Chemist: 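Quick one: the structure is below, questions incoming.
Numbering of ligands and ligand atoms starts at 1, following listing order. Remember, predicted model here, so these are calculated numbers, not experimental data.
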Amino acid sequence: MESVHHVSTSSKILFGKVRKIVPPMLEKFHKGQLGRVAVIGGCVDYTGAPYFSAMASAKLGCDMSHVLCERSAAPVVKSYSPNLMVHPILPSVDTVKDPKSIDAPSLASPIISMLSRLHALVIGPGLGRDEVTLKVVAEVIKEARTQSIPFVLDADGLLIVTEHPDLVKGYKQCILTPNVVEFGRLAKALGIKVASQADIAKNEQDGDKINKETEACEQLSKALGGVTIIQKGSHDVISNGAASIISDIRGGLKRSGGQGDTLTGSLGTMLAWRAAYHARMWDSDEKDNDKEAENKDDVRAELEDENKRMSPATTLLLAAWAGSAITRECSRRAFEAKGRSMQASDLTEEVHGSFLRLIGEPEASKTHL
Ligand SMILES: NC(=O)C1=CN([C@@H]2O[C@H](COP(=O)(O)OP(=O)(O)OC[C@H]3O[C@@H](n4cnc5c(N)ncnc54)[C@H](O)[C@@H]3O)[C@@H](O)[C@H]2O)[C@@H](O)CC1
Ligand SMILES: Nc1ncnc2c1ncn2[C@@H]1O[C@H](COP(=O)(O)OP(=O)(O)OP(=O)(O)O)[C@@H](O)[C@H]1O
Ligand SMILES: [Mg+2]
C-alpha cells in the first residue's frame, strides 16, 4: 500500500538505538535525575491501574514515582506500596462544595504547582469519569503543554481528548495509547472513517491487515496534528502521521485487564529518559545532528546510523516502541510462568528482566556494576 509510511528497521537495530537514550548509571547523578514521573489517576472505582502504571515506571528505573489521585483512592494505593508517593489532590464531585459551578483552574492549582518538578506525566490510568475530575485534568493538560512537559494519555484521559481534541492537537511531546475501543471513539470524534478491527481481521490477509491498521493510525495522528499514537492490539501500531513503526515483539496469550498500565508506566520513564538524552545529561558517542526528522526516510536514517544523534521526532517514536516492546515481553514472561492465571501484577515483576533482556545496560553503566 503506497499510502502508509512504515519504517521497517529491525528490532535489533532499534534496541541498539533505545540503549542510546537510556541514561547510564553514574556516580555523579543525584536523586531525581533518572526520572521524576507522576501518574494522574485513581478514583473510588479503580486503584489498581495507577499502581501498576507507577510501579512499572519505578521498576523500569525512574527515581521518583508519584501518584496524584482522588481522595478516596489514596490510602488504598499507599497500602499497595510504600515506594510510591501518593497525593490525594484530584478533586471529584464528592470533594467539592458545588460540582455544578467549579473553578477548574483553581482546583487544578495544587497539581499544576508540582509540574515544574516533573519530567513526565501519565494521565488516565483508573482516572474514572467523574465530571469534576475530568474538568480539572483538562486544566492540567493545558498547563503541562504550556510548560512543554511530555505526557502519556490513556484510558479515561483519552476521553478528555475525545471531547476536546484541541487540548493535544499539534503537541509533539505526547503519546496516546488507545485500545481498539478507545481508538474507535477517537476516530469517530475526529470524523475519521476507519474499518473496524473485526472487519479488517475478517477481510484482509496479515500484511494487508497491518497496512490497513497503519493507515487508520496515520490518519488519526494527522487529524490530531502529528500527535504520536500507539494503537494497541495483536501488534501495536505506532505513528506520528508521517512515519509509523510496528511493535510485534511476542506477548502472552492471557488478556487480563491492566496490562495497558505496564505500558503507560514504562512510557512515562522512557519519556523522562528521552528528556535527559536531549538535555545531554551524559556524554554520548553520537555525532551532532541539528535536523528534525520530518518524514519516514529521515526517521529511518537516524535510527539506522549507530553514530548519529536522533532528533526529538525520532526519539518520541522510539520511546513509544520501546515501551510497547517491554510491555509485550513482560506479558510473554509472565504468561510463561503463570499461564491462564496470569494477572496484571505478574507483569510488574517482569519489568526489570524484560529491560535487561531486550535493551540491557548502556556501556557506561557496566563499568560501575
Ligand atoms: N485494576 C484496575 O484498576 C484496572 C483499571 N482499569 C481502568 O478501567 C477503566 C475502564 O477501562 P476499559 O479498558 O475497561 O475501558 P472501557 O470502559 O472503555 O471498555 C472497553 C471495553 O472494550 C473491550 N475491549 C478491549 N479490547 C477489545 C478488543 N480488542 N476487541 C473488542 N473489545 C475489546 C473491553 O473488554 C472493555 O469492556 C479505566 O479507567 C482503566 O484505567 C483497566 O485499566 C483495567 C485494570
Ligand atoms: N492480541 C494480542 N497479542 C499480544 N499482545 C496484545 C494483544 N492485545 C493486546 N496486547 C498487548 O497488551 C497491552 C495492553 O493492550 P490492551 O489492548 O489490552 O489495552 P487495554 O485494553 O487498554 O488494557 P487495560 O486493561 O490495561 O486497560 C499492549 O501492550 C498490547 O501490545
Ligand atoms: Mg486501558
Chemist: Between the main-chain N or O of A73 and the side-chain N or O of T47, is there a donor-acceptor pair closer than 3.5 Å?
Modeler: no
Chemist: From atom 33 (C) of ligand 1, work out which of D45, V181, L158, D261 has a heavy atom at the shortest distance.
Modeler: V181
Chemist: What atoms of ligand 1 come within less than 4.0 Å of a heavy atom belonging to P125?
Modeler: 41 (O)
Chemist: Could you identify the single nearest non-hydrogen protein atom to atom 10 (C) of ligand 1 and state the distance to 0.1 Å?
Modeler: Y46 OH, 4.0 Å
Chemist: Output yes when a protein non-hydrogen atom is found under 4.0 Å of atom 42 (C) of ligand 1, and no otherwise.
Modeler: no
Chemist: From atom 19 (O) of ligand 2, work out which of Q259, E329, E182, K232 has a heavy atom at the shortest distance.
Modeler: K232
Chemist: R185 near ligand 1, heavy-atom distance under 4.0 Å?
Modeler: yes
Chemist: Just verifying a value: how many Å separate S311 OG and L316 CG, rounded to the nearest 0.5 Å?
Modeler: 10.5 Å
Chemist: Is it the side chain (CB and beyond), the backbone, both or neither of R328 that lies under 4.0 Å from ligand 2, heavy atoms counted?
Modeler: side chain
Chemist: Could you identify the single nearest non-hydrogen protein atom to atom 30 (C) of ligand 2 and state the distance to 0.1 Å?
Modeler: D236 OD1, 3.4 Å
Chemist: Identify the two heavy atoms, one from S247 and one from A325, that lie closest to each other, and give their separation to 0.1 Å.
Modeler: OG-N, 4.0 Å
Chemist: Is it true that G126 lies under 4.0 Å from ligand 1, counting heavy atoms only?
Modeler: yes
Chemist: For atom 39 (O) of ligand 1, which protein heavy atom lies nearest, and how many Å away is it?
Modeler: D156 OD2, 2.4 Å
Chemist: Determine if the distance from atom 31 (C) of ligand 1 to the closest protein heavy atom is below 4.0 Å.
Modeler: no
Chemist: Run down the list A73, G48, G41 and name the one with the heavy atom closest to atom 1 (N) of ligand 1.
Modeler: G48
Chemist: Atom CD in E215, atom CG in D208: separation rounded to 0.5 Å?
Modeler: 11.0 Å
Chemist: So, do K209 and S234 sit near enough that their side-chain heavy atoms are less than 4.5 Å apart?
Modeler: yes
Chemist: In the complex you have, is atom 37 (O) of ligand 1 within reach of the protein, judged by whether a heavy-atom distance drops under 4.0 Å?
Modeler: no
Chemist: Report the nearest protein non-hydrogen atom to atom 21 (O) of ligand 2: residue, atom name, distance rounded to 0.1 Å.
Modeler: N179 ND2, 2.9 Å
Chemist: May I ask you to decide if G323's main-chain N or O and S266's side chain share a donor-acceptor pair within less than 3.5 Å?
Modeler: no
Chemist: Hey, which of Q231, E218, K296 is the one that makes side-chain hydrogen bond (donor to acceptor under 3.5 Å, both in side chains) with S244?
Modeler: E218
Chemist: Of all the non-hydrogen atoms in the protein, which one sits nearest to atom 13 (O) of ligand 1, and at what distance?
Modeler: N179 ND2, 3.7 Å
Chemist: For D261 and P125, which heavy atoms make the closest approach, and how far apart are they?
Modeler: OD1-CB, 3.9 Å
Chemist: Determine if the distance from atom 3 (O) of ligand 1 to the closest protein heavy atom is below 4.0 Å.
Modeler: yes
Chemist: Under 4.0 Å from atom 27 (O) of ligand 2, is there at least one protein heavy atom?
Modeler: no
Chemist: What protein heavy atom sits nearest atom 15 (O) of ligand 1, and how far off is it?
Modeler: E182 OE2, 4.3 Å
Chemist: Nearest protein heavy-atom contact for atom 29 (N) of ligand 1: which residue, which atom, what distance?
Modeler: V180 CG2, 3.3 Å
Chemist: Drop me the distance from I40's CD1 to L121's CG, to the nearest 0.5 angstrom.
Modeler: 5.0 Å
Chemist: Which protein heavy atom lies closest to atom 5 (C) of ligand 1, and at what distance to 0.1 Å?
Modeler: A49 CB, 3.6 Å
Chemist: For atom 6 (C) of ligand 2, which candidate among G251, G258, G233, S247 provides the closest heavy atom?
Modeler: G233
Chemist: Would you say the side chain of M114 lies within less than 4.5 Å of the side chain of R36, judging by non-hydrogen atoms?
Modeler: no
Chemist: Would you say the side chains of S345 and Q343 form a donor-acceptor pair under 3.5 Å?
Modeler: no
Chemist: Using the six-membered ring wherever Trp is involved, compare the ring planes of F355 and W273 and label them parallel, tilted or perpendicular (cut-offs 30° and 60°).
Modeler: perpendicular
Chemist: Nearest protein heavy-atom contact for atom 14 (C) of ligand 2: which residue, which atom, what distance?
Modeler: G260 N, 3.6 Å
Chemist: Heavy atom to atom 1 (N) of ligand 2, shortest distance: which of R250, Q231, R255 holds it?
Modeler: R255
Chemist: Please state which option from G128, S53, G258 has its nearest heavy atom closest to atom 45 (C) of ligand 1.
Modeler: G258
Chemist: I need the contact type for R129 against ligand 1. Using non-hydrogen atoms and a strict under-4.0 Å cut-off, is it side chain, backbone, both or neither?
Modeler: side chain
Chemist: Considering non-hydrogen atoms only, spot the tightest contact between M270 and V18 and give its length.
Modeler: CE-CG1, 3.9 Å
Chemist: Would you call the rings of W282 and Y277 parallel, tilted or perpendicular if under 30° counts as parallel and over 60° as perpendicular?
Modeler: tilted
